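I have placed the structure first, in the form of structure tokens, so that the comments after it can refer back to it.
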Amino acid sequence: MSEMETKIAHSVHELFGHECVVNLSRPEAAFGDYSTNIAMQLAKPLQQPPREIAEKLAEKLRTSDMFSDVSVAGPGFINLRVTAKSLADQLDADWSEKYGENSDGAGKTVVVEYPSPNMAKPYSTGHLRPGNQGWAAKRLMEVTGWNVITDNHLGDYGAPFGTWVVGFLRHSSNEQLEASGVYELGRIYIVMKAELKAEKENGDTALADEVQSWLLKLENNDEQAISYSQRFNSISLEHIHEMMTRLQISTDYEYGEAFFAPIGKQTVQKLCTDGIALQNDDGSIIVPLDDQGIKTPLLVQKSNGAALYATTDLATILFREETWQPDKVIYAVGAEQQFYFQQLAGLAKKLGLKTELFHLWFGVIDQLNEDGGREKMSSRTGVVLIEELLDKAELEARKLVGVKDISDEDVGIIALGAVKFSDFVADRRTNILFDWTTIFALSGFSGPYIQYAAVRIAKIIADAGEMSVEKDEYDYESEKAILLKLTEYPEVIARAARDIEPHKVATYLYELARGMNRYYETIRILDGDDAVAKSARIELLRKVHQVFVHALSILGIRVPSRM
């Protein structure tokens with residue numbers, strides 16, 4: 001409990017001889033700084049009307065120099081106004097280099113799976129959100145005490161491999177592959193998908209059968225198939241790593257689907273033997289999930305014996321269970337896979353596994369079309385490759401800072417910050433609008449707006465130089481709104497981590513930045529001769545800057561040195 005909550009709990013004990021835990025909330029500003037419903041919680045055990053309890057408690061709290069006003073409202077709410085000095089003292093008492101962090105997850109292990117791209121094409125905007133949301137989830141778990149393991153579950157197995165091989169043999173050459181690398185693989189993939197679609201519409205299967213034959217060759221350890229797989233995956237993986245470096249995300253492990261496919265097929269056979277899985281007349285294998293409240297069974301192996309996502313995911317779950325014994329696994333995967341992950345969680349429960357499988361799902365990235373409407377971002381309508389998007393973002397960042405002497409590194413930090421922050425401007429479950437104008441705005445809910453607020457504070461601190469004046473004489477009345485905002489930060493982090501909702505951190509940052517701008521309108525921090533005020537204010541700004549840096553780091557964003 002905070003010092004205020006502890007004070008109220010002690011007062012309850014002194015008045016009524018009752019032990020309790022007090023929780024404070026933030027009401028509308030007109031009612032006070034904090035509010036508690038403790039009187040209503042005590043009504044039953046004390047056998048007294050809550051309003052009477054509240055009145056007695058309020059009278060006692062009014063004797064404390066911690067509160068400037070205590071009032072009772074409604075059936076027994078107690079509204080509190082706190083002195084700015086007591087807020088500053090509480091903040092000092094709670095402050096550390098890890099302010100905002102907690103140990104809620106101490107002793108627990110979580111595996112966070114992201115960005116998990118498929119190897120069949122260049123890294124696209126489709127994997128921007130898995131990387132951003134996955135990284136933020138990892139950081140939220142870290143700052144709340146979890147032991148975090150991250151895994152890039154690569155899509156290096158399945159139909160894309162066969163599509164690549166057949167496409168390479170039909171439409172490419174060693175020279176083209178050497179010259180264009182992953183972009184040639186992407187071109188092959190697009191051409192083949194169009195041909196496969198046309199074949200299906202014509203009722204033919206020859207090309208699709210050829211694709212499947214190469215997949216089966218790989219599963220049967222055919223040397224030529226293995227050679228193609230290693231070559232294509234090497235080219236694709238090098239590109240993926242380059243893009244992840246630009247996005248400044250990384251993982252501890254990269255266990256791809258190819259690693260798990262043989263294990264998965266063996267596991268499926270064991271499930272059949274144990275009576276958990278059933279083989280259909282066509283040879284395909286399913287796991288009924290009726291006992292888990294899911295009517296649709298999970299297909300875990302194709303009729304031709306080929307593995308599926310479910311086959312490799314089953315093996316992955318069991319591997320993680322045996323290797324890391326996680327309490328939770330977080331999958332950063334889009335909304336379109338919601339039902340599949342419900343099935344996967346049902347399968348895990350059916351197998352008696354206690355690990356919580358959490359689907360960290362999110363909407364798609366929209367952009368404005370020529371008519372001003374929203375549509376999903378795609379290569380047909382605009383930028384689709386991460387490489388192109390980041391290149392353009394750096395050009396926009398350079399425009400934003402103009403002709404200032406700002407390093408290329410800072411331009412890159414601003415560009416990436418704008419792109420990433422746009423992912424957190426709303427609840428992850430909504431589609432986000434990628435609008436070049438708004439994501440680089442210096443006067444709205446944007447990454448550059450937050451970064452500029454942090455840079456401005458850093459400059460004021462640098463201009464102030466070293467200050468070591470006794471600050472206990474300062475009353476902090478002008479800084480009360482900022483103090484209140486800073487005291488909220490630990491609870492913001494706790495709630496964001498509990499629900500894995502990083503947008504709550506972004507919203508907090510925006511509110512803090514706006515609060516600082518309002519503060520500058522009334523206070524000239526370095527003006528005047530009051531050394532005590534200057535020293536107290538600069539020390540408070542150091543705290544604000546630390547929170548900006550810490551919160552942005554959760555979202556995978558850095559603060560530039562200049563803007």
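This structure is a prediction, so every number in the text was calculated from the model and none was measured. Note that these values count all heavy atoms, side chains included, but never hydrogens, waters or copies made by symmetry.
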- Angle class for the F319/F260 ring planes (parallel below 30°, perpendicular above 60°, tilted otherwise)?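 The rings of F319 and F260 stand perpendicular, inter-plane angle above 60°.
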- Task: Classify the angle between the aromatic ring planes of W436 and F440 as parallel (below 30°), tilted (30 to 60°) or perpendicular (above 60°).
- Result: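 Geometry flag for F440 against W436: parallel rings.
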- If you round to the nearest 0.5 Å, how far is CG of L308 from OH of Y157?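 Taking OH in Y157 and CG in L308, the distance rounds to 9.5 Å.
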- What distance do L237 atom CG and N152 atom CG have between them, rounded to the nearest 0.5 Å?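 With rounding to 0.5 Å, CG (L237) is 8.0 Å from CG (N152).
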Salt bridge present between [X] and [Y] (N-O < 4.0 angstrom):
| X | Y | value |
| --- | --- | --- |
| R170 | E195 | yes |
| K504 | D427 | no |
| K354 | E321 | no |
| D391 | R246 | yes |
| E409 | R562 | no |

- For the side chain of R129 and the backbone of D423, is there at least one donor-acceptor N/O pair under 3.5 Å apart?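 Between the backbone of D423 and the side chain of R129 there is a qualifying donor-acceptor contact (under 3.5 Å).
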- Only one of W361, F358, F341 clears ring pair (Phe, Tyr, Trp, His ring centres under 6.0 Å) with Y331; which?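 Between Y331 and the candidates, ring pair (Phe, Tyr, Trp, His ring centres under 6.0 Å) is satisfied uniquely by F341.
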- Query: Step by step, would you call D252 with T150 a side-chain hydrogen bond (donor to acceptor under 3.5 Å, both in side chains)?
  - Reply: CA-CA 5 Å; D252 301 318; T150 54; 3.1 Å; yes
